[in-house]
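When a residue number appears, it is its place in the shown sequence, counting from 1. As the structure lists them, so they are numbered: ligands from 1, and atoms in each ligand from 1.
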Amino acid sequence: MDIGKNIADIKDNLPAEVKLVAVSKTKSPEIIMEAYNAGQRVFGENKAQELSRKYETLPKDIEWHFIGHLQTNKVKYIAPFVSMIHGIDSFKILKAVNKEAQKNNRIIPCLLQFHIAQESTKFGLSEEEAHEILDSEEFKSLKNISIAGVMGMATFTEDENQVRNEFRFLKKIFEKLKKECFPRRKGFKEISMGMSDDYLIAVEEGSTMVRVGSKIFGAR
Ligand SMILES: *Cc1c(COP(=O)(O)O)cnc(C)c1O
């Protein structure tokens, strides 16, 4: 497994403005260092304590993204350093992030996760739930988070058309929210979609950030 070559191959297929988040969950610091030494600086993890341990041992110029479902009692492990939280799927977790960010005197960029897949197991908001959050007075009082865009996961299926339609749907949600809720916010610009098996489709449909794990590091 040549991790450096895998990263180079993926980057060859990505427009320069699309960010590659190397998903290193379950991988050891030694393996992550192979990607680091190949020039990769943006990594994604989905367990708060695992992320916190890796942050402690690995170089400090790594940009760490939290990409999974986050529990309120785990926010404290990542709030001091995390660069972006992709999986905001409730008002409760957004408020918990704001609180811990405040303790650390930081503003943490967050992505709202939308439920775009047909599978019932994938976390995420509906458009209605997002509006309930964004239109509320309490949301406006949260000073230590900034909503930087949206995130979604497509259905795990061979049907490319279905995957494409789900990504298209997420892009539509993004455009609508931008118009309705963030018309003057330059920072609302990210569409985090696409993984090892579907990142090329995601890029065609407007992804600005792909989260790729097994295509870089091998199977987990
Ligand atoms: C694990 C994971 C990925 C990466 O998946 P691969 O198929 O290995 O590329 C991307 N996004 C999320 C939210 C994940 O949990």
message: Can you list every protein residue that has a heavy atom under 4.0 Å from any atom of ligand 1, sorted by chain and residue number?
response: Val23, Lys25, Ile67, Met151, Met153, Met195, Ser196, Arg211, Val212, Gly213, Ser214, Arg220
message: Ignoring hydrogens and geometry beyond distance, is a side-chain donor-acceptor pair present between Thr155 and Gln118 at under 3.5 Å?
response: no
message: Quick check on Glu175: does its CD atom have over 12 non-hydrogen neighbours (other residues, nucleotides or ligands) under 6.0 Å away?
response: yes
query: Is the closest side-chain donor-acceptor distance between Ser192 and Arg211 under 3.5 Å?
result: yes
message: Does atom NZ (Lys95) have a neighbourhood of more than 12 heavy atoms from anything else shown, all under 6.0 Å?
response: yes
message: Can you tell me which residue among Val82, Leu70, Val97 is in a side-chain contact (heavy atoms from CB on, under 4.5 Å) with Cys110?
response: Val97
- prompt: Would His131 and Glu129 count as having a side-chain donor-acceptor pair, cut-off 3.5 Å?
  reply: no
